[in-house]
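Keep in mind that this is a model prediction, so the values were computed, not measured.
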Amino acid sequence: MTGSQKIQRIFINEKVDRNQRKRWPLITDSKGRVLWLPLLKRGIALPSPRTSEKKEYVKLKFIPFSGFGRTQA
């Protein structure tokens with residue numbers, strides 16, 4: 001299934017506490033497209049432009065601190 005969702009809707013569906021929503025990390029690209037909501041969702045993979053230049057990337061690893069994350073139901 002493809003499509004898009006508002007960030008707020010993802011927080012609600014994943015039962016993220018309201019107080020934590022303000023502090024939740026949000027990873028975007030230079031154009032403001034959401035790439036990743038750690039522990040929740042990955043963004044849609046964007047096609048890379050076909051160029052002869054060397055590809056560079058940044059690898060991110062999210063390590064949550066104690067007490068961070070979704071509430072357990």
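- Between Leu35 and Thr28, the closest side-chain pair of non-hydrogen atoms is not below 4.5 Å.
- The structure places CD1 of Ile27 at 8.5 Å from CZ of Phe62, a figure rounded to the nearest 0.5 Å.
- A donor-acceptor contact shorter than 3.5 Å links the side chain of Arg21 to the backbone of Val16.
- Here the CD1-NZ distance, from Ile63 to Lys61, works out to 5.0 Å after rounding to the nearest 0.5 Å.
- Here the closest heavy-atom approach between residue Leu37 and residue Pro25 is recorded as CD2-O, 3.6 Å.
- To the nearest 0.5 Å, atom CD1 of residue Ile7 and atom CD1 of residue Ile12 are 12.0 Å apart.
- Rounded to the nearest 0.5 Å, atoms CD1 (Ile10) and CD (Gln5) are 5.0 Å apart.
- Side-chain atoms of Trp24 come within 3.5 Å of backbone atoms of Pro38 as a donor-acceptor pair (strictly under, hydrogens ignored).
- The CZ atom of Arg18 lies 12.5 Å from the CZ atom of Phe11; values are rounded to the nearest 0.5 Å.
- Interatomic distance, Asn13 CG to Lys15 NZ, rounded to the nearest 0.5 Å: 7.5 Å.
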